[in-house]
2 protein chains.
Amino acid sequence: MAPHRIVAMTRYTDSVRSSLRERVLDAAYGLVADAGWAGLRMAHVAERAGVSRQTVYTEFGSKDALGQSLVMREVDRFLDGIREVLDRYGEDLRGGVTAGIEFTLRTAADNDLLKAVLTSQRGGDGELIAHLTTRSEPLLDTATAMLGAYAAQAWPEVDEYSRELAVECVVRLTVSNIVQPVAPPEQTAQRIARIVTRVALLKDED
Amino acid sequence: MAPHRIVAMTRYTDSVRSSLRERVLDAAYGLVADAGWAGLRMAHVAERAGVSRQTVYTEFGSKDALGQSLVMREVDRFLDGIREVLDRYGEDLRGGVTAGIEFTLRTAADNDLLKAVLTSQRGGDGELIAHLTTRSEPLLDTATAMLGAYAAQAWPEVDEYSRELAVECVVRLTVSNIVQPVAPPEQTAQRIARIVTRVALLKDED
DNA sequence: TTCTGGACACTAATAGCGATTGTGTCAAGT
DNA sequence: ACTTGACACAATCGCTATTAGTGTCCAGAA
């Protein structure tokens, strides 16, 4: 019985802790959106999260570490979103790619933090991007690898080289359209998907 | 005779003036490369160009105007370079595109000013990019239009929509590879050219 | 004429310096 | 576990004096 209780208590503690982390992270996210990373005060984070300043420090250690966790959470959520979209479309890779691109464009449009990470843009207001040493630098690489895996599964008849080219196109053209948009996300997504389909389906003669 | 002499003198004066402008611009270019736009001193420009500070002011009016002329000259040279490459390859559009991309990648690699203009990157050391109001903002548009014209001439059998897609690909993928290079210019250029060829040649079925 | 060189007013960048504000840590209290 | 208050230390701010640079004018030389 004792072991069981210990386990139960540990789980309870863990869940409390993780919900605490989430609350703090939520608070930080909102405040960063308002005042930018430089304008963020640990005291405000604690206040908005409904905890003491000390708790924030014991949980995250420092402001920099809090920033790390913040962008890591955002990155993970984005990657999960992409995965979910791709899964939802199953064998229809073109549909999945279109939806994934649109999802990415919309995310970048209303999430300054992820936009900064996706476009690797330093400076500006996204000063916290100095913290992307952990899991956000290789964001695009991760996304590329993910997309490549789905492509290999859904389009086994396409040769590997063509798939590589196509995946590279998706990623680079999407980022390009985040930086310099010319049409609403939906149209842009369809346009890129069309381009990419051509790249994948045509085996050149030379 | 009098009119002739006047004309001759005017031409002489013009040529002196333009060579003066060039010298000053050359001096400014070198100094900007060393110390950045903010670190540039009009006195240094004059000194290196071998003229008095006053002459620089009478010729350009202000430091800002000098910056304008500087980026305009660089932009024009780049555009001329692209044109020349495209002309040299004549009907061989794929060869021309490949060479043009490589030219662009190499230019961006060793010309910070043009790199800043091409990637529209503000801030950083390219503080003078605040001056791209004249002929550099539409640089990419101009290049796109140019490429489109050549494409229409060399590939009349390709439908217009496909040509548009292909040209967009060339421009966006090239810029993308300036920002995030993964291979030397030559390889990258060939890769992009291959992608673009596929986009142009395949008419999709849907 | 065209360019030079020096003199000038005015403005922007710089350095120094309290005063303020915020980070990060500690210990005692709940 | 979390809070509260206190603290040392560092970064930032507002202010001032000073420097350095822009932009202009004009007398003189080529």
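Bear in mind the structure is a predicted one, so any value in this text is a computation, not a measurement. A note on names: the letters A, B, ... follow the listed sequences, proteins ahead of strands, and every chain is numbered from 1.
- Overall, the helix from C/dT1-D/dA30 to C/dT30-D/dA1 carries an axis bend of 50° between its ends, with five pairs at each end and the value rounded to 10°.
- Salt-bridge annotation for B/E47 and B/R53: absent, with no side-chain N of the basic residue lying under 4.0 Å from a carboxylate O of the acidic one.
- A heavy atom closer than 4.0 Å to some atom of DNA chain C occurs in no member of residues 43-50 of chain A.
- Among residues two or more places apart in sequence or in another chain, the salt bridge (charged side-chain N to carboxylate O under 4.0 Å, His left out) test is passed with A/R77 by A/E22.
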Give the table of side-chain donor-acceptor pairs shorter than 3.5 Å for residues 176-187 of chain A, with sequence neighbours excluded, one pair per line with atom names and distance.
from: A/S176; atom 1: OG; to: B/R172; atom 2: NE; distance (Å): 2.6
from: A/N177; atom 1: OD1; to: B/R172; atom 2: NH2; distance (Å): 3.4
from: A/N177; atom 1: ND2; to: A/L173; atom 2: O; distance (Å): 2.9
from: A/Q180; atom 1: NE2; to: B/S120; atom 2: OG; distance (Å): 3.4

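- In this structure, the CD atom of B/E59 is 15 Å from the C1' atom of C/dT1, given to the nearest Å.
- Formation of a donor-acceptor pair under 3.5 Å by the A/K115 side chain with backbone atoms of A/L105 is not found in this model.
- For the residue pair A/R198 / B/S162, a side-chain donor-acceptor distance below 3.5 Å is found, with atom types taken as modelled.
- Across the protein-nucleic acid pair, B/R41 atom CZ and C/dA12 atom P stand 14 Å apart, rounded to whole Å.
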Go through the steps for A/R21 and A/D26 under the test salt bridge (Lys or Arg N to Asp or Glu O under 4.0 Å), then give the verdict.
CA-CA 8 Å; A/R21 282 185 73 92; A/D26 288 343; over 6 Å; no
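- Here the P atom of nucleotide C/dT23 and the CG atom of A/L66 are 10 Å apart, to the nearest Å.
- Of all heavy-atom pairs between A/R48 and A/D34, the closest is NH2-OD2, 3.9 Å.
- For B/T144 and B/D141, the side-chain atoms include no donor-acceptor pair closer than 3.5 Å.
- C/dT1 atom C1' lies 15 Å from atom CG of B/L20, rounded to whole Å.
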B/F60 vs B/L25, test: side-chain contact (heavy atoms from CB on, under 4.5 Å). Steps then yes/no.
CA-CA 10 Å; B/F60 291 93; B/L25 254 13; 3.8 Å; yes
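- Taking a cutoff of 4.0 Å between a charged side-chain nitrogen and a carboxylate oxygen, A/D80 and A/R83 qualify as a salt bridge.
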Sugar-phosphate or base contact per nucleotide [nucleotides 24-30 of chain C; S, B, -; heavy atom under 4.0 Å]:
BBB----
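- Applying the side-chain hydrogen bond (donor to acceptor under 3.5 Å, both in side chains) rule to B/S52 yields the partners B/T55; only residues at least two apart in sequence or on another chain are considered.
- Nucleotide C/dT2 holds its C1' atom 16 Å from the CZ atom of B/R21, rounded to whole Å.
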